[in-house]
Amino acid sequence: MNAKTFHDAFANTLSEAEAEREFEATATHDSRNVLRDCMGSDGKIDLDAPHAPLLLIGGEDDQIIPAHLTEKNYKGYTDEASVTEFLPFAGRSHHICNEPGWEEVASAALAFLERHGASAASVPSNFA
């Protein structure tokens with residue numbers, strides 16, 4: 001991915017200058033294969049199995065994995081005894097955790113953790 005593609009598809013809610021800075025700071029070579037290749041058979045998910053609390057976050061302006069696809073994944077988890085939540089964020093791209101307003105996303109994730117049994121001691125101090 002080059003800087004223009006990064007801006008157009010990944011960090012589309014940022015200005016070109018902001019996206020350029022983020023591209024230089026965070027982009028990895030051939031990042032689309034990072035998750036595909038590193039997990040092997042352990043990367044397969046049984047959507048019907050019990051699981052730890054799971055929060056799926058979607059950026060409504062995400063060009064890579066639009067929020068409606070994240071919501072579809074959320075609806076795929078079927079174990080009734082497991083906690084699964086979906087939280088969309090308006091005006092956010094795939095670069096949701098590094099774009100302006102990331103604190104709102106982090107606070108929502110922290111609130112989810114606290115609601116479902118994570119103690120403040122188990123959450124890294126630089127997260128809150």
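To the nearest 0.5 Å, atoms CG (N2) and CG (D8) are separated by 8.5 Å. Here H94 contributes atom NE2 and T13 contributes atom OG1; the two are 12.0 Å apart, rounded to the nearest 0.5 Å. Note that CG of D48 is 3.5 Å distant from OG1 of T78, once rounded to the nearest 0.5 Å. Of the inter-residue distances, the one linking L56 atom CG with Y74 atom OH reads 9.0 Å to the nearest 0.5 angstrom. With rounding to the nearest 0.5 Å, the separation of OG1 in T5 from CD in Q63 is 12.5 Å.
Heavy-atom neighbours of E16 CD from other residues, nucleotides or ligands within 6.0 Å: at or below the threshold of 12. The neighbour count for E103 CD, taken as heavy atoms of other residues, nucleotides or ligands under 6.0 Å away, is above 12.
Between N73 and T70, the side chains place no donor N or O within less than 3.5 Å of an acceptor N or O (distance only, hydrogens not considered).
When every heavy atom of V105 is checked against every heavy atom of F89, the shortest pair comes out as CA-CZ, 3.8 Å. P50 and S82 get closest at one heavy-atom pair: CA-OG, 3.3 Å. Considering all non-hydrogen atoms of both residues, W102 and N98 come closest at CB-N, 4.3 Å. V83 and H51 get closest at one heavy-atom pair: O-CE1, 3.3 Å. Heavy atoms only, all atoms of each residue included: L87 and A108 are closest at CD2-CB, 3.4 Å. Here the closest heavy-atom approach between residue E60 and residue G91 is recorded as CB-N, 4.4 Å.
A continuous path of hydrophobic side-chain contacts links F6 to I65 [ILVMFWY only; heavy atoms under 4.5 Å]. By the criterion of side-chain heavy atoms lying less than 4.5 angstrom apart, applied directly or through intervening Ile, Leu, Val, Met, Phe, Trp or Tyr residues, I64 is not grouped with L14; the two fall into different hydrophobic clusters.
Here the side chain of E99 pairs a donor or acceptor atom with the backbone of S93 at under 3.5 angstrom. Remark: the backbone N or O of D61 is paired with a side-chain donor or acceptor of N12 at under 3.5 angstrom.
Annotation: side chain of I96 is not in contact with side chain of D62 (no heavy-atom distance under 4.5 Å). In this structure, R92 and E104 have side chains that are in contact, with non-hydrogen atoms separated by less than 4.5 Å.
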Exercise. Report the C-alpha distance between E71 and K75 in whole Å, list the side-chain angles of each, state the deciding distance to 0.1 Å, and finish with yes or no for side chain to side chain contact (heavy atoms under 4.5 Å, CB included).
Key: CA-CA 6 Å; E71 185 176 21; K75 290 177 179 178; 3.8 Å; yes
